[in-house]
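Read through the structure below, which is laid out as structure tokens, and then see the notes.
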Protein chains: 2
Amino acid sequence: MARARSSQPRSAVMTDVARLAGVSHQTVSRVLNDHTKVRPETRERVLEAMRQLDYQPNSAARTLVTKRSNTLGIVTFDSTLFGPASMVYGIEQAARAAGYFVSIASINALGRRTVLDAINRLREQSVEGIVAIVPKDSAAEALDAVPAGISLVGVGIGHTSGVPMVGVDNTAGAATATRHLLALGHTTVHHIAGPAGWPEARERRAGWREALAEAGAPEPEALDGDWSSRSGYEAGRRLAADRSVTAVFCANDHMALGLLRALHEAGRRVPEEVSVVGFDDIPEAPFMIPPLTTVQQDFGEVGRRSMQLLVELATGDRPHGQILLTPTLQVRDSTRDLR
Amino acid sequence: MARARSSQPRSAVMTDVARLAGVSHQTVSRVLNDHTKVRPETRERVLEAMRQLDYQPNSAARTLVTKRSNTLGIVTFDSTLFGPASMVYGIEQAARAAGYFVSIASINALGRRTVLDAINRLREQSVEGIVAIVPKDSAAEALDAVPAGISLVGVGIGHTSGVPMVGVDNTAGAATATRHLLALGHTTVHHIAGPAGWPEARERRAGWREALAEAGAPEPEALDGDWSSRSGYEAGRRLAADRSVTAVFCANDHMALGLLRALHEAGRRVPEEVSVVGFDDIPEAPFMIPPLTTVQQDFGEVGRRSMQLLVELATGDRPHGQILLTPTLQVRDSTRDLR
DNA sequence: GCCCATAGTGTTAACGCTCACATCGGGTGT
DNA sequence: ACACCCGATGTGAGCGTTAACACTATGGGC
């Protein structure tokens with residue numbers, strides 16, 4: 001994809017601006033980089049020349065000599081999902097605020113190979129740092145194989161790898177959700193879990209068990225989901241058949257949506273008969289039937305913290321940081337006091 | 001964010017590889033660019049040297065001399081929403097397949113200024129082409145102000161601007177949805193529209209009117225939404241109060257979700273008393289109560305076509321293309337034959 | 001009246017790569 | 001045996017920028 005059309009006058013470079021302004025190219029460079037030591041009147045002449053020629057600095061030349069690309073890379077898994085999409089957005093905003101461009105490499109399967117490929121693609125572009133959103137053990141492990149010397153931060157990758165990371169405290173969030181249900185008078189809480197091999201699934205399950213144990217409540221067997229509404233629906237059909245089930249904590253909102261439908265079909269009313277809590281707070285949550293109580297994560301903050309960690313990493317301040325953000329419970333209408 | 005740590009041995013460049021392999025830097029370059037005319041044995045020696053030194057070609061230097069950055073830019077509005085997120089994903093995949101890197105510039109408000117800023121940010125990175133996802137008139141108009149000479153394609157931007165674009169045939173999709181409802185025996189179809197100033201909202205409304213007119217059905221006044229579930233809910237409360245309403249076409253799935261809840265609260269059963277159709281086919285659609293009949297768009301195809309258009313644009317084949325993809329109706333359980 | 005600091009500007013040399021061209025052997029045709 | 005071609009490699013220049021340093025006025029301190 002070369003410049004449109006073939007023989008247009010090649011675009012202006014620094015020397016052209018210099019000639020037009022009657023100065024040396026170095027003075028142009030100084031104006032461009034906000035050096036002091038340029039007479040205001042000269043600066044104005046240069047700026048005018050730039051405007052006239054529609055001058056656009058050549059980023060490649062600049063990068064070549066400064067050795068700084070001002071670009072960050074993001075590796076992300078299926079950026080269509082709400083979680084990853086929100087994180088990408090948060091990171092992009094934070095990166096821009098910090099003066100970086102953002103380059104993206106998305107992968108459609110979470111494997112060691114795909115992750116490493118994506119990282120290499122980013123390295124070819126000489127990014128100055130990489131944020132990897134690869135929320136699965138097998139993929140997160142791949143991060144350990146990334147050569148040192150390139151700043152790398154994992155997001156939502158659990159403690160599987162030694163890579164610095166920022167994430168949400170899933171265990172705490174899940175425990176809060178479960179405690180909320182327990183405090184409502186339920187004797188125990190059932191759980192529809194995420195798939196094995198996903199740190200977030202494991203941590204949420206752990207938080208659920210923890211809260212159950214600390215309340216001395218019996219621990220029912222968790223049902224396995226795969227994050228999809230379908231899996232939530234299927235698990236829900238089984239749960240709906242069991243009249244002793246009065247409270248369910250779902251590892252994410254999509255599964256909660258499926259559960260809600262299964263309960264509805266089985267004629268079990270929410271929240272009168274069964275209380276439901278999700279995790280993520282997707283935009284649809286407040287409009288489910290009934291509006292879903294769920295655990296909310298601050299994705300904007302995740303983005304900002306990733307940036308911060310990346311910078312600290314580069315300056316060598318904190319070699320192996322781990323940042324954990326505490327999510328908050330959004331109580332809506334899918335949970336109600338039993339008494 | 002400089003390379004981590006300060007005094008590490010600067011990374012290997014082409015000359016280092018050449019020296020180690022006992023050839024000239026030019027031969028290394030030839031190996032790198034898959035030129036023929038390199039003896040297999042020499043090539044092997046060079047590759048081995050690269051491996052040994054962990055050589056990474058300097059993209060800035062290459063870009064400087066070839067004048068090709070191999071990078072495409074995407075301007076997108078709130079990439080958290082399902083539509084934009086899916087398009088970004090589709091475009092990224094297609095771009096990668098075509099050998100391009102992808103740089104992202106997201107904006108949080110759709111205005112002339114924000115769009116132009118984002119495009120400039122991308123220009124600074126000397127991208128070879130830009131795909132703009134700015135589905136609002138005021139933002140799309142800004143695209144006309146972009147200097148020629150840079151390949152630009154709009155996605156989902158309607159016919160507001162003269163910029164080449166690819167999009168979904170919203171009018172056709174809406175007409176299909178409305179006809180489906182009419183064919184079910186409904187005397188007319190109500191409409192919850194998207195906000196004014198959005199091409200997609202306008203086109204979907206037009207398709208709805210068109211189908212109504214062609215069937216000779218009366219045209220009820222459309223209700224105004226803003227794409228959010230909340231607005232769908234509010235419009236839904238009004239619709240639910242009117243017993244004559246038996247069929248509703250929503251301009252997107254999120255509003256349909258809100259509508260579904262409003263109908264449910266008012267005790268109006270879907271699909272027995274009221275049929276509902278949405279637009280987008282978000283992943284949650286099959287698990288709403290009841291599973292939502294909706295219009296599905298092929299975002300992967302949108303991505304591929306954008307790429308294709310960008311390439312044609314650069315080679316000058318087709319100065320002002322417009323590509324329209326036909327969406328398909330997904331019939332589920334929220335619509336049912338009246339008779 | 002001289003010196004030296006300093007503001008303002010110019011000159012030159014990289015940065016790491018690709019392109020165009022030069023070179024150097026050994027076949028091949030006549 | 002000579003010219004010629006072609007495969008395989010090397011040499012030198014140049015892409016557009018910034019960094020380092022050099023230079024020229026101007027002005028204040030003594």
Side-chain angles (χ1 to χ4, degrees), chain A residues 2-3 9-47 49-50 53-71 99 101 123-128, chain B residues 2-3 8-47 49-50 53-71 101 123-128:
Chain A
R3 328 268 302 116
R10 101 191 180 309
S11 55
V13 299
M14 197 170 264
T15 316
D16 302 327
V17 176
R19 193 175 322 119
L20 182 58
V23 296
S24 76
H25 63 121
Q26 177 58 4
T27 298
V28 177
S29 170
R30 279 191 268 255
V31 169
L32 217 50
N33 296 285
D34 282 326
H35 278 231
T36 49
K37 317 296 189 68
V38 177
R39 218 187 323 154
E41 155 196 333
T42 308
R43 170 188 311 277
E44 200 37 64
R45 223 164 355 119
V46 170
L47 288 173
M50 287 184 180
L53 296 175
D54 188 30
Y55 169 69
Q56 187 81 44
N58 181 313
S59 60
R62 172 179 295 182
T63 296
L64 182 57
V65 57
T66 60
K67 300 188 177 324
R68 301 221 31 204
S69 66
N70 286 308
T71 302
F101 299 121
R123 286 226 296 164
E124 276 175 45
Q125 289 177 86
S126 39
V127 296
E128 293 179 27
Chain B
R3 325 267 308 114
Q8 62 189 352
R10 105 192 174 309
S11 57
V13 299
M14 197 170 264
T15 316
D16 301 327
V17 175
R19 195 175 319 120
L20 182 58
V23 296
S24 75
H25 63 121
Q26 177 57 10
T27 298
V28 176
S29 170
R30 276 190 271 255
V31 169
L32 217 51
N33 295 284
D34 282 329
H35 277 232
T36 48
K37 316 296 189 65
V38 177
R39 221 188 320 156
E41 156 196 332
T42 309
R43 170 188 311 277
E44 198 38 64
R45 216 159 7 111
V46 170
L47 289 173
M50 287 184 180
L53 296 175
D54 188 29
Y55 171 67
Q56 188 81 42
N58 181 312
S59 60
R62 171 180 290 173
T63 297
L64 181 57
V65 54
T66 59
K67 302 191 176 323
R68 302 221 29 203
S69 67
N70 286 308
T71 302
F101 299 121
R123 287 226 297 164
E124 276 174 45
Q125 291 176 84
S126 39
V127 297
E128 294 179 29

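In what follows, chains carry the letters A, B, and so on, assigned in the order in which the sequence lines appear, proteins first and then strands, with residues in each chain numbered from 1. It should be emphasised that the depicted structure is a prediction, and the values quoted were computed from it without experimental measurement.
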More 5' along DNA chain C: B:L64 or B:H35, using each one's nearest nucleotide? B:L64

Of B:T27 and A:T15, whose closest DNA chain D nucleotide lies nearer the 5' terminus? B:T27

Heavy-atom closest pair, residues B:R68 and B:E128: NH2-OE1, 2.8 Å

Do A:S11 and A:Q56 have side-chain heavy atoms sitting under 4.5 Å apart? no

Send over the distance from B:R45 CZ to D:dG10 C1', rounded to a whole Å. 14 Å

Phosphate OP1/OP2 of D:dG16: any A:Y55 side-chain N/O under 4.0 Å: no

Hey, could you give me the CZ/CZ distance between B:R30 and B:R43, rounded to the nearest 0.5 Å? 11.0 Å

Rounded to whole angstrom units, what separation is found between the CG atom of B:N33 and the P atom of C:dG16? 17 Å

B:L32 vs B:Y55 side-chain heavy atoms within contact, under 4.5 Å: yes

Between D:dG7, D:dT17, C:dT18, which nucleotide has the shortest distance from any of its atoms to the side chain of A:H25? D:dT17

Do the side-chain N or O atoms of B:N58 get closer than 4.0 angstrom to the phosphate oxygens (OP1, OP2) of C:dC15? no

Side chain proximity check, B:V28 to B:M50, heavy atoms < 4.5 angstrom: yes

A:N58 and B:L64: which non-hydrogen atoms are nearest, and at how many Å? ND2-CD1, 4.0 Å

Test your reading of the model: is there a side-chain donor-acceptor pair from A:T42 to the backbone of A:V38, 3.5 Å cut-off? no

So what does A:T63 hit on the nucleic acid, given a heavy-atom distance under 4.0 Å: a base, only sugar-phosphate, or nothing? nothing

Write down the distance between CD (B:E124) and P (D:dT17), rounded to a whole number of angstrom. 13 Å

Can you pull every protein N or O that's under 3.5 Å from an N or O on nucleotides 23-26 of chain C?
none

Below 4.0 angstrom from OP1 or OP2 of D:dT18, is there any side-chain N or O of A:S29? yes

Less than 4.0 angstrom between a side-chain N/O of A:S24 and OP1 or OP2 of C:dT9, yes or no? no

Polar pairs (N or O, both sides) under 3.5 Å between protein and nucleotides 21-26 of chain D?
none

D:dA8 phosphate, OP1 or OP2: any side-chain N/O from B:K37 under 4.0 angstrom? no

Any idea which of D:dT18, C:dT18, D:dT9 is nearest the B:V38 side chain? D:dT9

Contacts under 3.5 angstrom, residues 19-27 of chain A side chains, donor-acceptor by atom type, not counting sequence neighbours:
unit_1	atom_1	unit_2	atom_2	d
A:S24	OG	A:Q26	N	3.4
A:S24	OG	A:T27	N	3.4

Has B:R39 got a side-chain N or O lying under 4.0 Å from the OP1 or OP2 atom of D:dT9? yes

Tell me if a side-chain donor or acceptor on B:T63 pairs with a main-chain N or O of B:S59 at a distance below 3.5 Å. yes

Does B:S69 use its side chain to pair, donor to acceptor, with the backbone of B:S126 at less than 3.5 Å? yes

Nearest to the side chain of B:K67 - D:dT18, D:dC15, D:dT17? D:dC15

Could you tell me the separation between the CZ atom of A:R43 and the P atom of C:dT9, rounded to a whole number of Å? 10 Å

Using atom CZ of B:R68 as one end and atom P of C:dC19 as the other, report the distance to the nearest whole Å. 11 Å

Could you tell me how far apart A:M14 (CE) and C:dT11 (P) are, to the nearest whole angstrom? 15 Å

By the 4.0 Å heavy-atom rule, please label B:T42 as base, sugar-phosphate, or nothing. sugar-phosphate

